[in-house]
Amino acid sequence: MRTARRSESSDSSDHYDYVIVGGGSAGCVLANRLSADPNTSVLVLEAGRSDWIWDPFIHMPAALTLIIGNPLYDWRYESEPEPYMGGRRVYHGRGKVLGGSSSINGMIFQRGNLLDLERWASDPGMKHWDYAHCLPYFKRMETCTAGGGEWRGEDGPLILERGPAENPLFGAFLSAARQAGHPLTCDVNGYRQEGFARFDRTINHGRRWSAARAYYHPVKRRRNLTLRTLAHVNHVVFEGTRAVGVTYRRGGVTRTVRAGEVILSGGAVNTPQLLQLSGVGNPGELRELGIDVVSGLRGVGENLQDHLEVYVQHACTQPISFNPALKLRHRPRIGLQWLFGHSGPAATNHFEAGGFVRGNDDVDYPNLMFHFLPIAVRYDGTPVDAEHGYQVHIGPMYSDVRGSVKITSTDPKQHPALRFNYLSTPNDRKEWIEAVQVAREILSQPAFSEFDGGELSPGPAVRSDAEILDWVARDAETAYHPSCSAKMGVDEMSVVDPDSMRVHGVEGLRVVDASAMPYLTNGNIYAPVIMLAEKAADLIKGNTPLPPLDVDYYRHRDQQG
């Protein structure tokens with residue numbers, strides 16, 4: 001058996017009340033909230049580098065295509081060969097910088113649906129994670145500049161701007177959605193999610209407003225808060241079944257730091273990886289790698305969930321899309337416009353509108369999401385073969401597909417095996433067919449008649465259900481929402497106690513990040529992760545949780561009868 005490794009440099013005086021592993025979305029929230037008590041010492045260990053203010057690739061909203069896939073910003077994971085996608089590996093970007101994936105994501109802010117949280121609360125032991133108990137934390141975390149009444153926050157650290165959606169193609173899209181029989185809604189994060197609207201975005205005056213900018217930087221000068229970047233944590237140090245610190249490598253030297261409590265906030269990939277490396281996981285799998293078992297939790301690394309998406313792309317007959325901005329000759333002008341005024345095409349993420357749809361009458365709330373772009377391009381910045389174009393990103397939102405995160409080595413720097421099992425269930429495949437059909441119905445409405453130059457992808461040759469699924473298998477990409485791989489709950493496959501965020505079976509160790517979600521929400525997961533971290537901060541500090549808020553909310557079934 002492998003015994004606990006000793007560090008090359010150990011300083012017993014290096015002790016903190018809390019050591020937070022990961023300076024990403026959740027880690028930045030915890031750094032802020034836990035260090036608010038000046039008598040509490042907090043250390044944040046971030047494996048990536050800082051989000052320097054002078055780095056335009058992080059802070060320029062439209063530069064997201066330049067940082068996803070860049071090893072300076074991105075962990076560059078990829079899945080194992082996906083059996084239902086022709087054996088191809090699906091690329092997975094994760095933030096390798098302070099702020100985590102909030103520093104490289106698409107900046108779309110979606111809370112998810114009320115009934116997502118009711119689903120969380122329906123599991124044993126999860127009753128305090130329903131919508132009424134979570135809404136106060138959604139409100140505490142945000143400043144919604146567009147307003148929103150009793151559903152929205154007004155003075156939180158996370159500033160949200162509503163997409164202007166001024167390009168004529170946005171107007172055509174919203175009109176086409178209505179022509180196809182779908183409602184418009186004032187705010188997908190307010191009273192009614194179902195429908196189409198302008199989207200909230202984590203952008204503030206033309207700059208990305210990441211979790212680091214919202215939560216860490218305003219308090220970084222607190223004397224009781226320490227950040228160490230480029231610090232790659234190797235494993236949690238246990239004495240018996242109590243976590244007493246971590247070892248990490250920085251500057252070529254392995255160090256040990258002791259902690260009153262260790263909080264893992266590395267995300268849905270890094271957190272289960274670190275638990276397994278530290279002896280917390282499936283006992284048989286750990287022993288095969290020679291790892292001593294501290295706590296035999298079979299749920300560690302299981303229940304992995306994600307959103308898969310494709311783009312339905314059209315050529316545009318009028319010169320009004322943003323495609324020309326991709327050309328190299330235009331980039332210096334656009335970059336200077338942003339650098340000196342934080343304005344122009346680089347000051348937006350271009351995901352300014354979209355919506356949520358029920359793809360069939362059997363679901364209680366929207367199971368499909370649509371993001372519209374007045375440009376035809378892939379995440380890596382590759383344009384289509386058309387002078388002008390537009391596209392809609394589509395995909396099922398609460399798929400019944402489940403995967404896993406498994407280490408294959410005791411080397412902390414070796415990426416774990418990610419298996420998502422996309423398209424592996426009949427319901428998932430059915431919803432993919434619905435998603436493509438709904439998207440095509442919207443894009444074929446009269447509102448687009450003056451702009452539509454024909455479907456580029458998947459193209460008119462893809463029509464039958466089988467052809468649609470073959471195209472999805474060939475072309476789909478992750479929407480970058482991995483989650484649920486160390487879920488909250490009290491059943492035998494749960495990892496985290498919902499009332500304290502403590503890891504079952506051990507002491508002094510908690511998990512606060514997307515891995516703790518029990519089910520994926522029907523939208524981008526950044527907002528639920530921030531909410532989870534805000535609520536977790538109160539649980540960790542022993543504060544009385546914010547009182548639940550009982551507000552009215554749109555429910556489709558209520559309208560039917």
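Just so you know, these numbers use all the heavy atoms, side chains as well, and skip hydrogens, waters and symmetry mates.
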With a 3.5 Å distance limit and no angle check, can you tell me whether [X] reaches the backbone of [Y] through a side-chain donor-acceptor pair?
X: His481; Y: Leu308; result: no
X: Asp428; Y: Val401; result: no
X: Ser278; Y: Val280; result: no

Counting neighbours of OH on Tyr84 that are heavy atoms of other residues, nucleotides or ligands and sit closer than 6.0 Å, is the number greater than 12?
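No, not enclosed.
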
Determine, for Tyr519 and Arg119, whether the Lys NZ or Arg CZ falls below 6.0 Å from the six-membered ring centre while staying within 45 degrees of the axis.
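Yes, Arg119 lies over the aromatic ring of Tyr519.
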
Considering residues at least two apart in sequence or located in another chain, which fulfil the salt bridge (charged side-chain N to carboxylate O under 4.0 Å, His left out) criterion with [X]?
X: Arg228; result: Asp14
X: Lys406; result: Glu285, Glu302
X: Asp475; result: Arg378

Which residue pairs pass the salt bridge (charged side-chain N to carboxylate O under 4.0 Å, His left out) test with at least one member in [range], sequence neighbours excluded?
range: residues 511-540; answer: Arg33-Glu534, Arg140-Glu534, Arg140-Asp538
range: residues 207-223; answer: Asp51-Arg213
range: residues 482-506; answer: Arg298-Glu492, Lys487-Asp491

Would you say the side chains of [X] and [Y] form a donor-acceptor pair under 3.5 Å?
X: Gln414; Y: Thr408; value: yes
X: Tyr422; Y: Asp306; value: yes
X: Asn189; Y: Arg111; value: no
X: Asn224; Y: Ser35; value: no

Decide yes or no for [X] and [Y]: does some side-chain heavy atom of the first lie under 4.5 Å from some side-chain heavy atom of the second?
X: Arg89; Y: Glu80; value: yes
X: Asp200; Y: Ile108; value: no
X: Val512; Y: Leu30; value: yes
X: Arg76; Y: Tyr91; value: yes
X: Asn303; Y: Met493; value: no
X: Thr410; Y: Ile291; value: yes
X: Thr521; Y: Pro528; value: yes
X: Met517; Y: Leu532; value: yes

Taking atom [atom1] of [X] and atom [atom2] of [Y], what is their separation to the nearest 0.5 Å?
X: Met531; Y: Glu142; atom1: CE; atom2: CD; value: 12.0 Å
X: Leu520; Y: Met397; atom1: CG; atom2: CE; value: 7.5 Å
X: Met126; Y: Ser494; atom1: CE; atom2: OG; value: 8.5 Å

Does Tyr77 form a side chain to side chain contact (heavy atoms under 4.5 Å, CB included) with Arg94? I'd like the steps, not just the answer.
CA-CA 7 Å; Tyr77 294 111; Arg94 295 282 86 200; 3.6 Å; yes

Does a side-chain N-to-carboxylate-O contact under 4.0 Å join Arg49 and Asp55?
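Judged by the 4.0 Å cut-off on N to carboxylate O distance, Arg49 and Asp55 do form a salt bridge.
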
Can you classify the ring geometry of [X] versus [Y] as parallel (below 30°), tilted (30 to 60°) or perpendicular (above 60°)?
X: His342; Y: Trp338; value: tilted
X: Tyr311; Y: His393; value: tilted
X: Phe420; Y: His92; value: parallel

Apply side chain to side chain donor-acceptor pair (under 3.5 Å) to the pair Asn421 and Glu82, showing each step before the final yes or no.
CA-CA 6 Å; Asn421 296 317; Glu82 290 290 341; over 6 Å; no

Test side chain to side chain donor-acceptor pair (under 3.5 Å) applied to Arg419 and Ser404, step by step:
CA-CA 5 Å; Arg419 293 178 175 86; Ser404 63; 4.8 Å; no

Go through the steps to decide whether Leu509 and Glu261 satisfy the test side chain to side chain contact (heavy atoms under 4.5 Å, CB included), and finish with yes or no.
CA-CA 6 Å; Leu509 181 63; Glu261 289 202 76; over 6 Å; no

